[in-house]
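Beneath this line is the structure, given in structure tokens, with notes to follow.
Throughout, a chain's letter reflects where its sequence line sits, starting with A, and its residues are numbered from 1.
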There are 2 protein chains.
Amino acid sequence: MPTQVKNLLKTYNLKATPQRITIYKIMKNLGHASADLVYKEIGDQFPTLTVATVYNVLESFVEVGLIKRRLSSNNKMFFDVNTYEHCHLYCQKTHKFLDFDDTDLMKMVHEYISKKNIENFELSTIDIQLSGYIKN
Amino acid sequence: MPTQVKNLLKTYNLKATPQRITIYKIMKNLGHASADLVYKEIGDQFPTLTVATVYNVLESFVEVGLIKRRLSSNNKMFFDVNTYEHCHLYCQKTHKFLDFDDTDLMKMVHEYISKKNIENFELSTIDIQLSGYIKN
DNA sequence: GTGATTGCAAATTTTTTGCAAGATA
DNA sequence: TATCTTGCAAAAAATTTGCAATCAC
């Protein structure tokens with residue numbers, strides 16, 4: 001697994017620094033997280049790693065497409081380790097995300113939208129977010 | 001129009017202060033905006049009105065359901081003056097929103113989702129956001 | 001009048017920046 | 001070695017708070 005992450009980073013033309021490896025593993029583990037959350041998760045397992053580095057690293061991941069930004073109403077940056085298109089359940093209370101995989105739905109909406117042919121807009125991704133309360 | 005806003009606020013059990021009236025008019029005019037944007041828009045037309053008040057007022061609007069928060073990847077609070085369910089075009093470069101009304105699409109997705117019967121989740125609203133670049 | 005709302009200034013929280021030191025390929 | 005990345009400390013940006021003064025009803 002550690003070597004795998006190393007290779008993954010290289011695939012994306014990122015130098016495999018210990019900081020990046022650590023942060024990627026945490027993102028992989030959390031699935032969705034804010035910079036802040038990642039930083040807290042690091043805790044004292046890597047004492048010299050600073051918040052600034054967390055932001056830098058996450059930004060470098062976004063740039064190459066290794067992770068994606070997610071939309072939140074939390075006024076915090078949120079990132080998603082899964083970059084393929086999928087829906088989300090978003091908890092308005094805790095601001096947590098759960099993946100909601102439904103390729104049929106995504107396909108249906110995509111087809112509908114492409115028929116519409118929206119002017120003056122270059123579509124990049126479709127986000128479907130079900131907002132509400134995650135119980136438990 | 002000024003009286004209309006006054007009445008609207010009263011309908012929502014909000015005292016019709018000049019600050020609230022001003023801010024609601026601006027929101028109505030902008031459609032979608034961050035607290036910051038609203039504050040800038042006020043400019044010197046109301047010199048004593050501070051940022052703190054902008055946040056307070058917008059929050060009070062959200063609480064009663066007069067406006068809604070919107071999801072952004074901008075790490076800023078975004079608000080929407082239209083509270084009915086509708087889609088959005090979101091510009092990833094400028095972080096601007098455009099309404100994209102399509103009741104058929106919303107209906108289709110709603111029906112699809114309700115058939116799914118998602119466990120441990122209390123659905124409040126469905127957000128469909130088309131992210132990309134708004135030309136022009 | 002009374003309770004809710006505002007202004008102000010200061011504190012927090014979140015994110016960014018600059019630059020020297022260090023690590024990666 | 002050359003370049004990219006990190007650490008650190010400080011700045012900037014965004015949001016919140018406390019409290020006294022003021023206003024809407």
- When rounded to the nearest 0.5 angstrom, what is the spacing between OG1 in A:Thr22 and CD in A:Glu41?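 Spacing of OG1 (A:Thr22) from CD (A:Glu41) equals 12.0 Å.
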- Task: Calculate, to the nearest 0.5 Å, the distance between atoms CG and CD belonging to B:Leu89 and A:Glu119 respectively.
- Result: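 One gets 11.5 Å once the value is rounded to the nearest 0.5 Å.
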- Message: Between B:Leu8 and B:Val38, is there shared hydrophobic-cluster membership here, with clusters defined by ILVMFWY side-chain heavy atoms closer than 4.5 Å?
- Response: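 Result: yes, single cluster for both.
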- Shared hydrophobic cluster, B:Leu71 / B:Met77 (ILVMFWY, side-chain heavy atoms < 4.5 Å):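 Each belongs to a different hydrophobic cluster.
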For atom [atom1] of [X] and atom [atom2] of [N], their distance in whole Å:
| X | N | atom1 | atom2 | value |
| --- | --- | --- | --- | --- |
| A:Phe46 | D:dT5 | CZ | P | 15 Å |
| B:Ile21 | D:dC23 | CD1 | C1' | 12 Å |
| B:Asn56 | D:dT16 | CG | P | 9 Å |
| A:Ile23 | D:dT5 | CD1 | P | 13 Å |
| A:Leu58 | D:dT5 | CG | P | 14 Å |
| B:Tyr39 | D:dT16 | OH | P | 16 Å |
| A:Leu37 | C:dT15 | CG | P | 11 Å |
| A:His95 | C:dT13 | NE2 | P | 16 Å |

Are there any protein N/O atoms within less than 3.5 Å of an N/O atom in nucleotides 9-12 of chain C, and if so, which ones and at what distance?
none

For nucleotides 23-25 of chain C, which of its nitrogen or oxygen atoms have a protein nitrogen or oxygen under 3.5 Å away, and what is each distance?
from: C:dA25; atom 1: OP1; to: A:Ala16; atom 2: N; distance (Å): 3.1

- A:His32 vs A:Phe97 aromatic rings, parallel, tilted or perpendicular, using cut-offs 30° and 60°?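 Aromatic pair A:His32/A:Phe97 classed tilted.
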- B:Arg20 side chain vs B:Val57 backbone, donor-acceptor pair below 3.5 Å: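 It does not hold such a pair.
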- For A:Ser131, does its backbone N or O pair with a side-chain atom of A:Gln92 as donor and acceptor, under 3.5 Å?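 Flag not set: sc A:Gln92 to bb A:Ser131 has no pair under 3.5 Å.
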- Query: A:Ile23 and A:Phe61: which non-hydrogen atoms are nearest, and at how many Å?
  - Reply: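 Closest approach of A:Ile23 to A:Phe61: CG2-CE1, 4.2 Å.
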- Task: Only pairs at least two apart or in different chains count here, so list each salt bridge (charged side-chain N to carboxylate O under 4.0 Å, His left out) that has a residue in residues 91-108 of chain B.
- Result: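 Residue pairs with at least one partner in residues 91-108 of chain B: A:Lys116-B:Asp102.
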- With sequence neighbours excluded, residues passing salt bridge (Lys or Arg N to Asp or Glu O under 4.0 Å) with A:Asp127: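 For A:Asp127, the residues satisfying salt bridge (Lys or Arg N to Asp or Glu O under 4.0 Å) (neighbours in sequence not counted) are A:Arg70.
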Could you pull out the protein-nucleic contacts involving nucleotides 13-15 of chain D (nitrogen or oxygen on both sides, under 3.5 Å)?
from: D:dA14; atom 1: OP1; to: B:Lys76; atom 2: NZ; distance (Å): 3.0
from: D:dT15; atom 1: OP1; to: B:Met77; atom 2: N; distance (Å): 2.8
from: D:dT15; atom 1: OP2; to: B:Tyr55; atom 2: OH; distance (Å): 2.2
from: D:dT15; atom 1: O5'; to: B:Tyr55; atom 2: OH; distance (Å): 3.1

- Message: Among residues at least two apart in sequence or on other chains, which ones pass side chain to side chain donor-acceptor pair (under 3.5 Å) with B:Lys40?
- Response: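 B:Asp36.
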- Message: Please determine whether a side-chain nitrogen or oxygen atom of B:Gln19 lies at a distance below 4.0 Å from atom OP1 or OP2 of C:dG7.
- Response: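 Yes, because at least one side-chain N or O of B:Gln19 sits under 4.0 Å from OP1 or OP2 of C:dG7.
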- Query: OP1 or OP2 of C:dG7 sitting under 4.0 Å from any side-chain N/O of B:Thr53?
  - Reply: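 It does, given that an N or O in the side chain of B:Thr53 lies less than 4.0 Å from OP1 or OP2 of C:dG7.
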